[in-house]
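Please see the structure below; I have some questions.
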Amino acid sequence: MATRHEDAAATATGGHEREWTLADRLARVRDDVAADEAASEHRATSTETRYAKSGDLSIAYQVLGSGPDVVLVPGSLSHVELFAENLPWSGMYRRLSGFGRMITFDKRGMGLSDRTAELPTLEERMDDVRAVMDAAHSEKAAVVAISEGGPMGLLFAATYPERVTALVLWGTFARMAWAPDYQLGIDAEEGERFCDQIEEIWGRGVAVRLLSLHDAPEDEATRRHMARMERSVATPALAAAANRFGLHVDCRHVLPTISAPTLVVHRSGDPLVSVEHGRYLAEHIPGAQLLEFPGEFHFSALGRDEEILDEIEEFLTGTRHEQEVDRVLKTILFTDIVGSTERLVSMGDLRWHELLDAHHSTVRRELVRFRGQEVQTIGDGFLATFDGPARAIRCARAITDKVGAMGLEVRAGLHSGECEVRGDDLAGVAVHIGARVGGLASPNEVLVTSTVRDLVAGSGIEFHDRGRHTLKGIPGDWQLLAVTA
């Protein structure tokens, strides 16, 4: 079927074809974009990244779900596409889009938004919220501001009260640095040294754990995964500048002017932003409600923020969605490529990624063969579950053999225990134990807990005792065994 531009061109030339000009092609592109924008208004959900114009900069944003609008203002670091796939942000995305039309974005300088050469002002950053809401055709919304995004949310709620239906402040502050009239703040010079340290270690998979995910596993696969995330989110200088921003901001003066219903949620043992900052917010925002939760982390890399998300949902909707939680016995398998960084350096990006793709395909074939279920990829490895420990062991052995034939060494860890299954998420102590065991395995070794050994008694699978070990963050000593045959 001819487009209206093609019809017009045919008419202008008496029905004969003519060469398309650049202006014709641009007009057609504009029509296609307009049609796509119109169609997107009728979509219930969208995971496409779009761009809003804020001054001269392009701000990347996404819209997901349907219902009352909820704007998620991120912390100092963000990447709308990567965060959608990783805890804790994937949990926030899933829950907020489950009862509303969630709008989130990358701040200027971060993720997929335009990079900036200078540290922006709070007003400029706040205007990014307005620009994204306008681009998403959102007249008013509940604003959920987390961590360093709190000051943006506070200023926006005070400046545009007609556009904010409610305000949630999660693990955040009005001022971070110490002052004579704000003695609960941190020493500014100490904060500057911390930001310098962030710049020095950025891209190694250590900084995000210092800044946010304090309960993340410390195995090598997780470190490499977080290192890639750091490099994708920002450059070292921008990462330091984003955190240095918190040392300069002070929006205490706007707190009494906020009229939106406000909920303040904070971890009592938050090592990054002291709970005292949350208490200050609740004391100085009229009618604000404060909820404190246990936990010595800023946000949880292990999916332990569901209790806070429950309270946010109830605050914004008046009801709490009771999620279906299955508690089932699963055998957890963690795999990880040994020495992947060195191989990448020696082989180069192209050859390494071809080999990595072949590795992933091989692992997935073996998971299908042994009825395993892939949960997610973590760095260069896999997290998978099985409903039988013997199949899990045989799958792990098959993976090490098949991948070994490709010239790669893989370590594998197994544990059987009760897991919480929430939709696509998997949680519980068993998952953490499996990760710790995998991190202790030697190259081409399948290491299991005594729980797995006991469950496969009589199967003919043989083990070698590797002694008792302390697993970081897990009570007690654990007997570990290597699969031999």
Side-chain angles (χ1 to χ4, degrees), residues 73-78 88 107-110 116-122 125 145-155 169-216 218 223 226-227 229-231 233-255 264-284 290 292-301:
V73 181
S76 59
L77 307 170
S78 66
K107 295 177 181 178
R108 53 180 67 203
M110 292 295 119
T116 53
E118 298 179 353
L119 195 65
T121 65
L122 179 58
R125 282 189 154 194
I146 64 175
S147 192
E148 187 263 357
M152 290 176 64
L154 289 167
L155 190 58
L169 302 169
W170 182 350
T172 188
F173 53 89
R175 178 188 174 97
M176 194 68 173
W178 181 94
D181 60 344
Y182 195 71
Q183 298 192 17
L184 57 89
I186 64 172
D187 179 76
E189 291 186 2
E190 181 180 338
E192 289 287 351
R193 288 194 295 270
F194 180 76
C195 293
D196 290 341
Q197 182 185 23
I198 292 299
E199 184 169 2
E200 291 174 5
I201 65 175
W202 192 254
R204 303 179 192 174
V206 180
V208 168
R209 192 191 313 276
L210 287 175
L211 290 169
S212 178
L213 308 184
H214 301 93
D215 66 344
E218 296 184 7
R223 186 201 65 77
M226 293 171 70
M229 183 182 296
E230 288 174 13
R231 295 191 294 267
V233 164
T235 64
L238 282 173
N243 286 280
R244 191 169 281 115
F245 176 86
L247 296 175
H248 299 281
V249 69
D250 186 351
C251 26
R252 289 177 293 165
H253 62 284
V254 309
L255 301 184
V264 179
V265 291
H266 217 110
R267 294 282 177 189
S268 59
D270 190 328
L272 183 71
V273 182
S274 166
V275 68
E276 296 295 334
H277 293 284
R279 293 169 182 167
Y280 183 92
L281 290 171
E283 291 171 2
H284 291 81
L290 171 66
E292 295 183 20
F293 297 85
E296 296 182 354
F297 50 87
H298 193 49
F299 299 115
S300 176

Legend entry - Test side chain to side chain contact (heavy atoms under 4.5 Å, CB included) applied to F173 and V249, step by step: CA-CA 10 Å; F173 53 89; V249 69; 3.9 Å; yes
Inset, instruction - Measure the shortest side-chain to side-chain distance between I201 and L210 over non-hydrogen atoms and say whether it is less than 4.5 angstrom. - result: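 Yes, their side chains come closer than 4.5 Å.
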Legend entry - Side-chain touch C251/L155, heavy atoms, less than 4.5 angstrom: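 The answer is no; the side chains never approach within 4.5 Å.
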Inset, instruction - Measure the shortest side-chain to side-chain distance between T172 and L281 over non-hydrogen atoms and say whether it is less than 4.5 angstrom. - result: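 The answer is yes, as the side chains (C-beta and beyond) meet within the 4.5 Å cut-off.
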Inset, instruction - Could you walk me through whether M152 and L122 pass side chain to side chain contact (heavy atoms under 4.5 Å, CB included), step by step? - result: CA-CA 7 Å; M152 290 176 64; L122 179 58; 4.2 Å; yes
Inset, instruction - Could you pull out all residues at least two apart from D250 that satisfy salt bridge (Lys or Arg N to Asp or Glu O under 4.0 Å)? - result: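 Salt bridge (Lys or Arg N to Asp or Glu O under 4.0 Å) list for D250, sorted by chain: R175, R252.
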Legend entry - Shortest non-hydrogen separation from M226 to L213 and the atoms involved: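 Closest approach of M226 to L213: CE-CD1, 4.4 Å.
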Inset, instruction - Measure the CG-OG distance between N243 and S76 for me, rounded to the nearest 0.5 Å. - result: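 If we round to the nearest 0.5 Å, N243:CG and S76:OG are 4.0 Å apart.
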Legend entry - Main-chain N/O of L238 paired with T235 side-chain donor or acceptor, under 3.5 Å: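 Looks like yes, one N/O pair under 3.5 Å.
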Legend entry - Side chain to side chain, V264 and W170, heavy atoms closer than 4.5 Å: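 No, every pair of side-chain atoms sits at 4.5 Å or beyond.
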Legend entry - Contact summary for G203 and A227, nearest pair of heavy atoms: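 Closest heavy-atom pair between G203 and A227: O-CB, 3.4 Å.
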Legend entry - Pairwise side-chain contact, I146 with F299, heavy-atom cut-off 4.5 Å (strictly under):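 Side-chain contact under 4.5 Å: yes.
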Inset, instruction - Using a 4.5 Å cut-off on heavy atoms from C-beta on, say whether the side chain of L272 contacts that of S212. - result: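 The answer is no; the side chains never approach within 4.5 Å.
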Legend entry - Any residue meeting side-chain contact (heavy atoms from CB on, under 4.5 Å) with D187, in chain and number order, not counting sequence neighbours: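 By the side-chain contact (heavy atoms from CB on, under 4.5 Å) rule, D187 matches E189, E190.
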Legend entry - Contacts of type salt bridge (Lys or Arg N to Asp or Glu O under 4.0 Å), residue R108, not counting sequence neighbours: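 With sequence neighbours excluded, R108 shows a salt bridge (Lys or Arg N to Asp or Glu O under 4.0 Å) to D128, given in chain and number order.
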Inset, instruction - Considering non-hydrogen atoms only, spot the tightest contact between V73 and G149 and give its length. - result: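 Distance-wise, the nearest heavy atoms are CG1-O, 3.6 Å.
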Legend entry - Those residues that, when tested against H266, pass side-chain contact (heavy atoms from CB on, under 4.5 Å) (two or more places apart):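 Checked H266 against side-chain contact (heavy atoms from CB on, under 4.5 Å); matches are D270, V273, V275.
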Legend entry - side-chain contact (heavy atoms from CB on, under 4.5 Å) partners of P236, counting only residues at least two apart: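 For P236 the side-chain contact (heavy atoms from CB on, under 4.5 Å) partners, ignoring immediate neighbours, are E199, W202.
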Inset, instruction - Test the R125-F245 pair against the cation-pi criterion, namely NZ or CZ under 6.0 angstrom from the six-membered ring centroid and within 45° of the ring axis. - result: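 Output yes; distance and angle both within limits.
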Legend entry - Those residues that, when tested against E192, pass side-chain hydrogen bond (donor to acceptor under 3.5 Å, both in side chains) (two or more places apart):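 R244.
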Inset, instruction - Using the test salt bridge (Lys or Arg N to Asp or Glu O under 4.0 Å), find all partners of E276 that sit at least two apart in sequence or belong to another chain. - result: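 Residues passing salt bridge (Lys or Arg N to Asp or Glu O under 4.0 Å) with E276: R279.
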Legend entry - Taking every non-hydrogen atom, the tightest pair across P151 and E148: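 Minimum heavy-atom contact is CD-O, 3.2 Å.
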Inset, instruction - Using salt bridge (Lys or Arg N to Asp or Glu O under 4.0 Å) as the criterion, list what pairs up with E230, not counting sequence neighbours. - result: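 Partners of E230 under the salt bridge (Lys or Arg N to Asp or Glu O under 4.0 Å) test: none.
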Legend entry - Donor-acceptor contact present, side-chain K107 to main-chain A242, <3.5 Å: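 Such a contact is absent between K107 side chain and A242 backbone.
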Legend entry - Results of side-chain contact (heavy atoms from CB on, under 4.5 Å) for S78 - residues two or more places apart only: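 Once residues adjacent in sequence are excluded, the partners of S78 under the side-chain contact (heavy atoms from CB on, under 4.5 Å) criterion are P74, F83, D106, M110.
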Legend entry - Nearest atoms (heavy-atom pairs only) where S268 meets E292: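 Closest heavy-atom pair between S268 and E292: CB-OE1, 4.4 Å.
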Legend entry - R267 side chain to P294 backbone, donor-acceptor under 3.5 Å: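 Looks like yes, one N/O pair under 3.5 Å.
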Inset, instruction - Taking side-chain hydrogen bond (donor to acceptor under 3.5 Å, both in side chains) as the test, write out the residues that go with S300, two or more places apart. - result: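 So S300 forms a side-chain hydrogen bond (donor to acceptor under 3.5 Å, both in side chains) with D215.
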Inset, instruction - Answer yes or no: is there a side-chain heavy-atom contact under 4.5 Å between F293 and V265? - result: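 Touching, per the 4.5 Å side-chain cut-off.
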Inset, instruction - Taking the side chain as every heavy atom from C-beta outward, state whether V233 and V208 have any pair of such atoms under 4.5 Å apart. - result: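 Not in contact.
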Inset, instruction - Over all heavy atoms of both residues, which pair between G191 and L247 is shortest? Give the atoms and the distance, please. - result: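 Residues G191 and L247, closest heavy atoms: C-CD1, 3.5 Å.
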Inset, instruction - Not counting sequence neighbours, which residues clear ring pair (Phe, Tyr, Trp, His ring centres under 6.0 Å) with H284? List them please. - result: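 By the ring pair (Phe, Tyr, Trp, His ring centres under 6.0 Å) rule, H284 matches Y280.
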Legend entry - Set of side-chain hydrogen bond (donor to acceptor under 3.5 Å, both in side chains) partners for S147, sequence neighbours left out: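 Once residues adjacent in sequence are excluded, the partners of S147 under the side-chain hydrogen bond (donor to acceptor under 3.5 Å, both in side chains) criterion are H298.
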